[in-house]
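A, B, ... follow the sequence lines: proteins, then strands. Residue 1 opens every chain. The structure displayed is predicted, hence computed values, not measured ones.
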There are 2 protein chains.
Amino acid sequence: MKAPCPFTGPRPYHHGDLRRALLDAATRILDRDGQGGLSLRAVAREAGVSPAAPYHHFKDKSELMLAIAEEGFGQLSDYIRRTADMTVMPMERVAAIGLAYVEFAKAHPAVYRVMYDCSRDSDAMPDKAHNAEEGAYSLLKRAMIDIGVASPDQETDLELACIAAWCAAHGLAEMVGFKQFDALKAEMGGEKAFLAGVLSHLGMFGQARSRA
Amino acid sequence: MKAPCPFTGPRPYHHGDLRRALLDAATRILDRDGQGGLSLRAVAREAGVSPAAPYHHFKDKSELMLAIAEEGFGQLSDYIRRTADMTVMPMERVAAIGLAYVEFAKAHPAVYRVMYDCSRDSDAMPDKAHNAEEGAYSLLKRAMIDIGVASPDQETDLELACIAAWCAAHGLAEMVGFKQFDALKAEMGGEKAFLAGVLSHLGMFGQARSRA
DNA sequence: AAGCCCATCTTGACACCGTTCAGATCCGTG
DNA sequence: CACGGATCTGAACGGTGTCAAGATGGGCTT
């Protein structure tokens, strides 16, 4: 059963890390068909396996989605870290982080959607994404300290500022693709300029204007 | 068939404005069971009608959702207008609009979710909400002009500022319910204070701080 | 090296979903 | 009063999430 596919080296079990294969299949489907095309059966089909097989690796469909979301937050963190590392000036760094956030959401809209659906419905996952030592949130927090948005002893106010930035970035990420902005984008000579313009009105991202 | 329910006056057809009844049933389900419980069959069941009946009033499930979204945007506009009318100081008015927006989303989370799912997928509906003369967007725009965020001849910049405000409000509306903010909310003595604190860091809503 | 055990995968089934279509029902109109 | 068309029902199709029971085969014990 199921051609052994000889050139993939030794496989621990019947399939060989089906969990990994399922996650890859799922992200492939998300990027290809969008969130609407993501069904457990479709994922199993894409991975070349029976519809019930995933239940040995994920308790639920929601647990599959949660795993996808975790991977997504990991990639987002990586992308933001790379962007932040490339920008030395603190002011510009905050702006770059905001821009990177929106760019990620634009590049993988369906995955981004799953990420925030999970954040809403579950309690476990977002903590992992937000509080992780290396998470994107702590990168933002450090950058916000660097621009002096709040003195280090005003922990509460700093937290509020970071949350505000996160909310603004999230809102922009979800709305940047809306059709009614197309005219304005064209008038401004491209989405990049549009994005920078909007960010420039969002306090902490003000410096983005110079990156247009 | 189907007890005539004699005390509802004359009904034009078999049921009597089933379209209205379906929309009511749908919003009832959304408020009770959340977005996950919203199925065409469930709506029909709630309205006491066969599963195929809705197809004589809505081409699609998506068309039902779109109708719900339109109603939602209407209610949102009404609520924002009422709030804006009650606040005379321009600065406070902008803050009040932002707060009202978030409050609406918090009061009807599932409906709000449907509203923005439709905004994303369709092109027709959001225009109706944004461009409507009396829409919430124009209320925001007028308030933004009043606080002098951009001189009237800088139409583009004004538009960008309004979009920025809208994005920030949307992001906050979607994230305000996240569990990881619970600790901070408690520390600040309530969600109201938390909300005002976050808004105070979002440029155009700065005045919200005084409303805590 | 033989054999057992259990994780893994498959098959088949159930309930629910969106959607369609032929037919029953009932309203206003001629 | 009969007709026509809008409205609703019933049954059906393919797709979905989920579960229970059986087949399979790799790794551990002896």
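Taking atom NZ of B:Lys61 as the reference point, atom P of C:dC16 lies 16 Å away to the nearest angstrom. What separates NE2 of B:His56 from P of C:dG23 is a distance of 15 Å, to the nearest Å. Between the OH atom of A:Tyr55 and the P atom of D:dT18 there is a distance of 3 Å, given to the nearest Å. Taking atom CG on A:Leu22 and atom C1' on C:dC9, their separation rounds to 12 Å, with Å as the unit. Straight-line distance from the CG atom of A:Leu38 to the C1' atom of D:dG15: 14 Å, rounded to whole Å. At whole-Å resolution of the value, CZ in A:Arg19 and P in C:dC9 are 13 Å apart. At whole-Å resolution of the value, CD in A:Glu63 and P in D:dG17 are 15 Å apart. Atom CZ in A:Phe58 sits about 14 Å away from atom P in D:dG17, given to the nearest Å.
At a cut-off of 3.5 Å, with distance as the only test, a side-chain donor of B:Thr156 or A:Glu187 sits close to an acceptor on the other residue. Inspection of the A:Glu174 and A:Tyr116 side chains reveals no N or O donor paired with an N or O acceptor under 3.5 Å.
Note on A:Arg45: a side-chain N or O is less than 4.0 Å away from OP1 or OP2 of D:dT16. Between B:His57 and D:dC8 there is a side-chain N or O to OP1 or OP2 distance below 4.0 Å.
Among the nucleotides D:dG17, C:dT11, C:dG18, the one closest to the side chain of A:Pro51 is C:dT11. For A:Ser39, the side-chain atoms get nearest to D:dT16 when compared with the rest of D:dA20, D:dT16, D:dG10. Candidate nucleotides C:dT19, D:dT9, C:dC17 were compared by shortest atom distance to the side chain of B:Val49, and D:dT9 ranks first. Side chain of A:Ala53, nearest nucleotide from D:dT18, C:dC17, C:dC9: C:dC9.
Ring to ring, A:His170 and A:Tyr112 are close: their centroids are under 6.0 angstrom apart.
Residue-level contact check: A:Ser50 touches the bases, meaning some heavy atom is under 4.0 Å from a base atom.
No side-chain donor-acceptor contact under 3.5 Å links A:Arg113 to the backbone of A:Pro109. Side-chain atoms of B:Arg93 never come within 3.5 Å of backbone atoms of B:Ala143 as a donor-acceptor pair (strictly under, hydrogens ignored).
Scanning atom types as modelled, one donor and one acceptor separated by under 3.5 angstrom connect the side chain of B:Arg41 and the base of C:dG18.
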